[in-house]
Amino acid sequence: LVNRLRAWCVVLLIILVIFSLSPWIAVLFMPDRFKNHVYEVITFQLIANKETQGISDREEQVIKLFNYVRKNIFVPSNSIPYEGKPLDYLTSGVGWCDYRSKVFNCLLAKKGIPSRYVMLMGKKDRISIHTLNEVLIKGKWVVFDALTGVIFKDERVPTVENVQDL
């Protein structure tokens, strides 16, 4: 009877270990596209949590993540724009305004902070010439420009002209 009980305990322990490790084992056998997505989600969550650790005020969290993006993604001096994912921009450390905006939005999303892109369009060709973020803080949409570092806290609406004046 004692040997049977030990055998069942061992079997239950093995099943418990398999179930606790199964999500991680499953990731190993998933397609690369899915593994990359899981890696990106986890990376942004870790960065967002680390940067805002000990900060409970939402506005302070936003400012902290905004500064993180500004410190870690630099405007390229001699490269051309490329299509990639936010994690590509973060790991390369190189990015234009829209790249910075995408990374900023990803970090904010991991903290549950509502945000959206704002594309400033050219008057003649209707091509986006600059990208900003709007972040919902205390019931108001506040505009952040991750390229110039400007935060439009007043009632001014950002336009191509007043962003270019900075």
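Throughout, residue positions are numbered sequentially from 1 according to the sequence presented.
The two atoms that bring Pro114 and Trp141 nearest to each other are O-CZ3, 3.9 Å, heavy atoms only. Contact between Gly95 and Arg100 at its shortest, heavy atoms only, is O-NE, 3.9 Å.
One distance of note links CG of Asp145 with CZ of Phe152; it measures 6.0 Å at 0.5 Å rounding. Distance CD/Glu59 to NZ/Lys64: 15.0 Å, rounded to 0.5 Å. Taken to the nearest 0.5 Å, the CZ atom of Arg70 stands 11.5 Å off from the CD1 atom of Ile63. Here the straight-line distance linking atom CD1 of Ile73 with atom OG of Ser92 works out to 7.0 Å at 0.5 Å rounding. Here NZ of Lys110 is found 12.0 Å from CG of Asn105. Values are rounded to the nearest 0.5 Å.
Residues Thr43 and Leu46 form no side-chain contact, since every pair of their non-hydrogen atoms from C-beta on lies 4.5 Å or further apart. Annotation: side chain of Asn36 is not in contact with side chain of Leu87 (no heavy-atom distance under 4.5 Å). Residues Leu120 and Thr131 have side chains not in contact (no heavy-atom distance under 4.5 Å, counting atoms from C-beta outward). Counting heavy atoms from C-beta on, the side chains of Val69 and Leu107 come closer than 4.5 Å.
Using a distance-only test at 3.5 Å, with no hydrogens or angles considered, a donor-acceptor pair links the side chain of Asn133 to the main chain of Ser101. Under a 3.5 Å cut-off, the side chain of Arg116 and the backbone N or O of Glu134 do not form any donor-acceptor pair. Using modelled atom types, no side-chain atom of Arg58 and backbone atom of Ile137 make a donor-acceptor pair closer than 3.5 Å. No side-chain donor-acceptor contact under 3.5 Å links Gln61 to the backbone of Thr52.
Connection of Tyr39 to Ile47 is established within a shared hydrophobic cluster, with ILVMFWY side chains joined at heavy-atom distances below 4.5 Å, either directly or through further cluster members. Using a 4.5 Å cut-off between side-chain heavy atoms of Ile, Leu, Val, Met, Phe, Trp and Tyr, with links allowed through other members, Val62 and Ile151 fall into the same hydrophobic cluster. Both Tyr89 and Val75 belong to a common hydrophobic cluster when Ile, Leu, Val, Met, Phe, Trp and Tyr are linked at side-chain heavy-atom distances under 4.5 angstrom. Side-chain heavy atoms closer than 4.5 Å link hydrophobic residues (I, L, V, M, F, W, Y) into clusters, and following such links, even through other members, never connects Leu136 to Leu65.
The ring-ring contact (aromatic ring centres under 6.0 Å, His included) contacts involving residues 45-68 comprise Phe66-Phe104, Phe66-Phe144, where partners must be two or more places apart or lie in separate chains.
Look at Glu40 and Lys85 and you find no salt bridge, because none of the NZ, NE, NH1 or NH2 atoms lies under 4.0 Å from a carboxylate O.
Residues His130 and Asp98 have side chains that never bring a donor and an acceptor to within less than 3.5 angstrom of each other. A donor-acceptor pair shorter than 3.5 Å can be found between the side chains of Asn49 and Gln45.
Within a 6.0 Å sphere centred on OH of Tyr117, other residues, nucleotides and ligands contribute more than 12 heavy atoms.
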Subject >> Chi angles and distances behind the side-chain contact (heavy atoms from CB on, under 4.5 Å) call for Leu90, Phe44 >> reply: CA-CA 10 Å; Leu90 188 58; Phe44 276 100; 4.1 Å; yes
